[in-house]
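One structure is given below, encoded as structure tokens.
All figures in this text were calculated on a predicted structure; none of them were measured in a lab.
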Amino acid sequence: MMIDTGSFGAQMTEQTENNTAPEPTEEHVDSELQDEGAQAPEFTADAPGFDMLADADADNEVENDAAPISGDDGSYKVLARKYRPRNFDDLIGQEAMVQTLTNAFDSGRIAHGFMLTGVRGVGKTTTARILARALNYQTEAINAPSMALQEDGAHCEAIMDGSHVDVIEMDAASRTGIGDIREIIDNVRYTPSAARFKVYIIDEVHMLSKAAFNGLLKTLEEPPAHVKFIFATTEIRQVPVTVLSRCQRFDLRRLTLDDTQTLLNRTCKAENVSLPEEALKLIARAADGSARDALSLLDRALAHIDPAGDGAVDEATMRALLGLADRGRIFDLFDLVMAGSVSAALDEFEAQYVMGADPTVILADMAELTHWLTRLKFVPAAQEDIAFSAQLRSRGVEAAEKLSTRILSRVWQVLLAGTDEAARAANARAAAEMVLIRLAHLADMPSPEELIKQYDSAPSAAPPSAPPSSAAVTGDRSPVSHDGAAAPRAAIAPEAAQETAQEMAQEMARHSAPVLQNFQAVVALAADKRDIGLKHALENGVHLVAFESAAGTRAGRIELRLAEGQDNIAQDLTRKLREWTGQNWVVSLSQEGGAATLGSVKQSAADRREEAALKDPFVQAALSAFPKAEIVSISDFEAALPVDDGETPDMDGD
């Protein structure tokens with residue numbers, strides 16, 4: 001059999017290039033029918049099979065628009081997609097943005113670039129599609145940009161489905177390079193094919209590279225009149241300021257609990273299902289302001305319901321679905337740690353770990369509990385937090401009354417740092433246990449104010465040198481107060497005993513410290529303490545302006561002027577004098593002249609003595625006899641010679 005490849009080959013080449021099947025010519029169809037001896041069928045509305053196809057199409061449309069009942073083909077559409085807003089009236093919680101856009105459309109002040117930012121699930125991409133629909137709105141009655149989108153226009157369906165040829169959606173997370181932006185720059189010059197504006201929607205725009213951002217700047221600043229840009233991002237801080245300044249920014253706010261619950265009630269009504277109010281409140285709180293998260297959690301709750309209607313989703317079931325069932329055990333672990341029961345706390349932690357709880361999550365839950373207990377002390381409405389059961393709310397109020405704000409703040413800081421440590425540690429379990437042990441020892445540690453009160457209330461007759469009792473040092477037994485009752489455990493903590501011992505040591509040092517009557521005594525004390533740097537600074541780097549010695553409870557006062565090039569030693573001198581003498585000292589700087597430095601005074605005296613020695617005739621005779629000799633030191637021999645009963649010493653040695 002021979003095949004003519006002339007026209008057929010050309011036709012196949014065109015098919016390969018255009019990626020479309022060749023349409024047979026009329027002559028070719030007629031020749032095939034004549035060869036087979038058949039006649040061409042007549043395509044009329046009454047032909048067999050057309051009613052069946054039309055009914056099938058109608059059924060498909062009904063299935064897509066009706067309540068989502070999952071079939072065998074798995075064509076179920078999740079609630080977050082099925083109830084995605086289609087106009088600005090359907091948006092929840094974004095009234096400020098809608099009002100601004102409405103005024104802009106009414107006045108004709110429509111920007112060429114929009115930046116939509118907000119947390120996940122608040123409707124950034126959906127808002128971008130609705131905005132593209134409003135820009136290209138066209139009906140029989142309206143042919144202009146409009147915010148009133150109650151009626152579907154010519155382009156609305158394709159835009160909302162993401163299939164319109166003039167509304168180009170781009171995911172910047174997967175197309176981050178300059179080549180993708182160059183493609184946009186090359187195509188913006190062409191006018192739209194069908195719509196009024198060519199709209200570019202770039203989602204997660206913060207993922208673009210630096211080169212891509214720079215390549216987009218010029219086009220974004222001066223785009224053609226038929227082009228609009230809409231950007232969406234969750235990380236607005238990562239978008240360059242040069243891009244933000246060229247766009248009209250809208251911050252989509254997080255949904256409130258009331259807004260989220262309104263959305264859930266509306267969805268349940270549309271789905272012909274009924275859930276308890278408490279269950280919907282739990283979903284609204286777990287969604288944390290995200291509409292998509294709320295609908296996804298509602299999807300999970302509805303999936304839990306038995307198709308036969310036997311399974312009910314009550315508050316307890318919803319807590320289990322959301323992972324809130326173990327908050328009671330977290331509270332138990334928190335109580336054990338606050339009570340200082342290290343062994344019991346580690347056993348409870350071990351039990352939760354064996355059940356599959358992540359150590360980092362346990363610490364994070366304890367931090368969340370600490371935050372809630374702190375809020376209970378200042379925010380009465382926190383008692384109505386639906387994330388906690390009624391029993392735990394009552395338990396939390398009682399714990400918040402017992403624990404002070406200072407203790408809760410200290411626990412929060414330890415848990416915050418401990419959670420990060422456990423996340424970075426090679427063994428998260430070991431790191432979490434160390435955090436719990438640290439918390440158990442810090443929980444009942446007395447505050448500095450409490451230590452001061454304990455020290456002030458101590459009996460004054462007790463000698464300063466008396467060592468602390470074994471109970472106060474080891475913490476094994478509670479000391480007995482004056483009335484015979486056991487003192488609180490905070491007074492017997494090892495850290496408290498150490499603080500008390502330090503204060504007693506300071507008291508002993510105060511009684512045995514030398515009394516400094518003048519500035520020279522301060523310099524001598526620095527020499528005795530072998531603080532050579534401070535001694536040199538006091539001798540050569542300061543000018544004494546005023547000096548008052550410490551007496552009793554009165555603090556000593558030293559006023560100095562620093563010499564040129566001398567660093568400030570006021571704080572260092574104050575601290576060291578307090579440590580060395582056990583008394584308070586105030587060292588201040590002055591601009592007055594003050595006395596000469598001790599070093600210069602000492603040098604002047606030495607110079608005078610050397611000058612007097614050079615005038616002595618015996619010294620002059622010695623230097624003349626020994627030309628290379630020099631004076632090394634001068635000693636006062638008369639002061640060193642012993643005097644016996646006022647008699648003149650025997651110069652002959654007898």
Indicate yes or no for a side-chain donor-acceptor contact from [X] to the backbone of [Y] under 3.5 Å, with no hydrogens or angles considered.
| X | Y | value |
| --- | --- | --- |
| H226 | Y190 | yes |
| T176 | A172 | no |
| N87 | D90 | yes |
| K228 | V199 | no |
| R246 | T242 | yes |
| R129 | G162 | no |
| D166 | A195 | yes |
| R429 | P359 | no |
| D299 | L79 | yes |
| E348 | D332 | no |

Measuring only between side-chain heavy atoms, which start at C-beta, is [X] closer than 4.5 Å to [Y]?
| X | Y | value |
| --- | --- | --- |
| K82 | L295 | no |
| K218 | I185 | no |
| I142 | E151 | no |
| M147 | D106 | no |
| R109 | Q248 | no |
| L91 | L252 | no |
| I181 | T219 | no |
| F229 | V243 | no |

Salt bridge check: are [X] and [Y] linked by an N-O gap of less than 4.0 Å?
| X | Y | value |
| --- | --- | --- |
| R424 | D420 | yes |
| E204 | K124 | no |
| D288 | R254 | yes |
| D251 | R249 | yes |
| K402 | E398 | yes |

Donor on one side chain, acceptor on other, [X] and [Y], under 3.5 Å:
| X | Y | value |
| --- | --- | --- |
| N103 | Q99 | yes |
| H206 | T233 | yes |
| R120 | T234 | no |

Quick one: closest heavy-atom pair of [X] and [Y], and the distance?
| X | Y | answer |
| --- | --- | --- |
| L263 | A291 | CD2-CB, 3.7 Å |
| A301 | I283 | CB-CD1, 4.4 Å |
| A345 | V337 | CB-CG2, 3.9 Å |
| I407 | L403 | CG2-CD2, 4.5 Å |
| T374 | T370 | OG1-O, 2.8 Å |
| A132 | I230 | N-CD1, 4.2 Å |

- Query: Which residue pairs pass the side-chain hydrogen bond (donor to acceptor under 3.5 Å, both in side chains) test when at least one of the two sits in residues 131-142, sequence neighbours left out?
  - Reply: R133-D152, Q138-H155

- Message: Under the criterion side chain to side chain contact (heavy atoms under 4.5 Å, CB included), I'd like the reasoning laid out for S290 against V119: C-alpha separation, chi angles, the key distance, then a yes or no.
- Response: CA-CA 7 Å; S290 171; V119 298; 5.6 Å; no

- Task: If the plane angle is over 60° it's perpendicular, under 30° parallel, otherwise tilted; pick one for W412 and H371.
- Result: tilted

- Task: Mind telling me whether F349 and Y353 have parallel, tilted or perpendicular rings, with 30° and 60° as the class edges?
- Result: parallel

If you measure from [atom1] on [X] to [atom2] on [Y], what distance do you get to the nearest 0.5 Å?
| X | Y | atom1 | atom2 | answer |
| --- | --- | --- | --- | --- |
| L208 | R175 | CG | CZ | 10.5 Å |
| M160 | R86 | CE | CZ | 5.5 Å |
| L255 | D293 | CG | CG | 10.5 Å |
| I168 | N187 | CD1 | CG | 7.5 Å |
| F114 | T127 | CZ | OG1 | 12.0 Å |
| L302 | L275 | CG | CG | 5.5 Å |

- Query: Could you walk me through whether T360 and L363 pass the side chain to side chain contact (heavy atoms under 4.5 Å, CB included) check?
  - Reply: CA-CA 5 Å; T360 306; L363 296 180; 5.8 Å; no

- M170 atom CE, over 12 foreign heavy atoms within 6.0 Å: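 Above 12, so yes.
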
- In this structure, are over 12 heavy atoms from other groups packed under 6.0 Å from E350 atom CD?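 It does: E350 CD has more than 12 such atoms within range.
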
- Begin from the C-alpha positions of D365 and V361 and carry the test side chain to side chain contact (heavy atoms under 4.5 Å, CB included) through to its verdict. CA-CA 6 Å; D365 289 344; V361 175; 3.7 Å; yes

- Query: side chain to side chain contact (heavy atoms under 4.5 Å, CB included) between T191 and K198: does it pass, once the steps are laid out?
  - Reply: CA-CA 7 Å; T191 59; K198 181 178 288 188; over 6 Å; no

